[in-house]
Amino acid sequence: MSTKAHSVAIVGAGLAGSEAALVLAFSGIPVSIYEMRPDRMTPAHQTAHAAELVCSNSLKTDKLPSAHGLLKAELQRLNSPLLAMALAQRIPAGAALAVDRDCFGATVTQALMATAGIAFHRQEITTCNDIPLPAILASGPLTSDALADSLMQFCGTQHLHFYDAIAPIISADSVDMNIAFSASRWEKGEPDYINCPFTKDEYERFFTALTTADKTHRRPFEDERYFEACLPVEEIAARGEKSLAFGPMRPVGLIDPRTGRRPYAVCQLRRETANGESYNLVGFQTRLAWKDQQEVFRLIPGLAAADFERFGSIHRNTYIDSPRLLSPLLEFKNVPGMRIAGQLCGNEGYTESIATGHLAALFTLASLKGVEIPPPPVQSALGALLAHVTQSATEPFAPSGVNFSLFPSLDIPTKPKMSKENKKQLYCTRALEQLELWIQNIQQICG
């Protein structure tokens with residue numbers, strides 16, 4: 001590997017790579033970012049846009065107190081470029097931060113092209129030896145086979161694989177609004193979701209069709225190892241007849257206006273585009289064959305005439321054994337100057353990829369200045385996520401999104417018992433206080 005002074009190579013223009021490139025460029029560091037699309041596409045990407053959102057258009061909630069809301073609040077405090085763009089591109093989705101994915105990707109791409117100091121190369125990097133140092137590897141969970149093979153040799157360890165699934169998208173005008181209704185749970189906020197209500201008989205008929213439908217077959221090189229937070233809907237159904245009704249189709253907080261009662265189950269549709277012409281089926285990631293998707297999902301009340309703009313699909317996600325390979329600053333232990341960020345390092349989720357991309361940029365920036373900054377405190381969402389990625393003792397290592405189970409326990413008395421909401425608030429308060437101290441510290445270190 002070669003070293004090019006005072007310039008940073010970034011492989012991959014996904015969420016992590018785009019965030020890292022903009023953070024470094026805004027700090028005056030020249031960046032060369034390499035993206036193989038559109039010359040070489042992945043099985044899941046649809047466009048040549050940077051930061052394309054593949055599985056869903058939702059970055060989850062930005063409300064406090066919640067772990068996802070806290071992570072976004074911390075990134076806002078760090079002036080995250082991509083989070084600012086997502087907030088600017090926001091479309092109605094209740095408490096979720098959802099965006100029109102085409103507009104968001106185009107906005108990020110334009111920012112990368114227009115920012116001084118960023119050289120954007122439409123070029124595939126096929127080996128780790130082709131990456132000049134210092135560098136940030138953010139090629140994502142769909143890293144090309146050539147680079148994945150090189151990375152396997154480079155790491156000296158076998159990759160871990162798991163599936164990721166994508167939900168279908170349908171046209172809004174194909175939904176029967178005489179059956180479906182617009183509402184948000186508990187009537188909180190605007191009625192941003194379309195809800196397709198099931199009776200018990202309708203649910204049982206749908207469940208039978210779903211569990212007997214034809215599935216796509218995995219390829220020989222792919223292990224059938226799913227990420228728990230993104231299970232295909234048919235895999236959830238296989239766990240029991242009521243697993244969907246108590247999972248992604250739970251009807252709590254919703255009343256069917258036709259009956260005045262809570263449905264037995266519900267399929268929610270979330271706006272996919274800003275103009276509201278397309279909706280995706282929330283929680284309906286799937287590996288069903290396309291023909292079966294049409295037959296099964298049209299059994300959902302209100303979707304008998306559903307017009308599918310994109311079928312659900314399934315693909316392989318790849319990540320490395322980060323706790324064994326990386327330092328607490330996301331740097332390969334055996335290759336100083338090479339950092340890794342995004343889902344390839346074992347974080348799960350859109351905002352989480354932005355977060356590790358931002359941190360990799362900060363650590364790289366400090367190194368170029370000849371100083372070293374400590375990782376963010378583990379009491380913060382950023383620090384808890386980073387600690388899981390780089391220091392998890394669990395074997396085999398499993399990717400994770402941000403959640404309060406990653407945080408150190410609160411020092412509170414056991415009695416009287418505190419409500420979950422109050423505990424979450426304490427987690428958030430402590431995190432933001434500790435993060436502020438960390439920011440002040442790194443500003444002193446970096447000058």
Side-chain angles (χ1 to χ4, degrees), residues 10-12 14-20 42 44 54-55 59-60 67-68 71 74-75 128 135-144 147-165 222-231 315-335 338-364 375-376 378 380-407:
I10 298 177
V11 180
L15 291 163
S18 298
E19 176 79 3
T42 76
V54 172
C55 298
L59 283 75
K60 300 186 178 179
H68 288 284
L71 183 60
E74 293 180 7
L75 284 169
C128 293
I136 297 173
L137 180 58
S139 51
L142 294 172
T143 295
S144 69
L147 184 55
D149 288 343
S150 176
L151 185 60
M152 187 183 303
Q153 299 174 6
F154 173 68
C155 293
T157 184
Q158 181 67 36
H159 277 20
L160 303 177
H161 299 99
F162 64 96
Y163 280 102
D164 202 6
E222 293 179 314
D223 293 328
E224 195 162 305
R225 196 182 295 177
Y226 298 102
F227 176 54
E228 192 70 19
C230 199
L231 286 172
H315 55 272
R316 189 192 73 192
N317 272 3
T318 305
Y319 61 95
I320 68 169
D321 189 12
S322 296
R324 261 52 72 183
L325 297 171
L326 302 182
S327 77
L329 302 182
L330 293 171
E331 189 172 38
F332 278 103
K333 294 175 181 177
N334 62 340
V335 183
M338 172 73 81
R339 287 184 167 81
I340 191 165
Q343 287 185 256
L344 192 59
C345 78
N347 69 242
E348 264 302 326
Y350 292 154
T351 310
E352 289 87 340
S353 291
I354 294 172
T356 54
H358 195 107
L359 290 174
L362 291 183
F363 298 146
T364 300
V378 292
S380 67
L382 285 162
L385 178 66
L386 181 64
H388 174 77
V389 167
T390 61
Q391 300 177 54
S392 173
T394 303
E395 294 191 40
F397 170 61
S400 177
V402 67
N403 63 84
F404 285 125
S405 70
L406 302 180
F407 291 59

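- One finds the OG1 atom of Thr356 at 9.5 Å from the CD atom of Glu19 (value rounded to the nearest 0.5 Å).
- Between the Ser139 side chain and the Gly12 main chain, no donor and acceptor come within less than 3.5 Å of each other.
- Atoms CG and CG, on Leu386 and Leu406 in that order, are 11.5 Å from each other to the nearest 0.5 Å.
- Put simply, the side chain of Thr143 does not reach to within 4.5 Å of the side chain of Leu137, judged on heavy atoms.
- Checked against side-chain hydrogen bond (donor to acceptor under 3.5 Å, both in side chains), Ser18 has no partners two or more places apart in sequence or in another chain.
- Partners of Phe332 by ring pair (Phe, Tyr, Trp, His ring centres under 6.0 Å), not counting sequence neighbours, listed by chain and number: Phe154.
- Side-chain atoms of Ser322 come within 3.5 Å of backbone N or O of Cys345 as a donor-acceptor pair.
- When every heavy atom of Glu348 is checked against every heavy atom of Pro399, the shortest pair comes out as CG-CB, 3.7 Å.
- Note that CD of Glu331 and CD1 of Ile340 are 12.0 Å apart. Values are rounded to the nearest 0.5 Å.
- For Ser353 (side chain) and Ala16 (main-chain N/O), no donor-acceptor pair under 3.5 Å exists by modelled atom type.
- Within the 4.5 Å cutoff, side-chain heavy atoms of Leu71 are placed close to those of Leu382.
- Taking the side chain as every heavy atom from C-beta outward, Ile354 and Leu59 approach each other to under 4.5 Å.
- Ring geometry, Tyr319 versus Phe397: the interplanar angle exceeds 60°, so the pair is classed perpendicular (tilted spans 30 to 60°).
- In terms of modelled atom types and a separation under 3.5 Å, the side chain of Glu352 and the main chain of Val402 share a donor-acceptor contact.
- Nearest heavy atoms, Ala355 versus Leu385: CB-CD2, 4.3 Å.
- Annotation for Thr390 and Pro328: closest pair OG1-CA, 3.8 Å, computed over non-hydrogen atoms.
- For the pair Val378 and Ser380, the minimum side-chain heavy-atom distance is 4.5 Å or more.
- Glu74 places a side-chain N or O within 3.5 Å of a backbone atom of Ala381 that can act as its donor or acceptor partner.
- The minimum heavy-atom distance linking Leu151 with Cys128 is given by the pair CA-SG, 3.8 Å.
- Expressed to the nearest 0.5 Å, how far CD1 of Ile320 lies from CG of Leu326 amounts to 4.5 Å.
- Residues Lys333 and Ser327 share a closest heavy-atom pair of CG-N, 3.9 Å.
- Note that OG1 of Thr351 is 8.5 Å distant from NZ of Lys60, once rounded to the nearest 0.5 Å.
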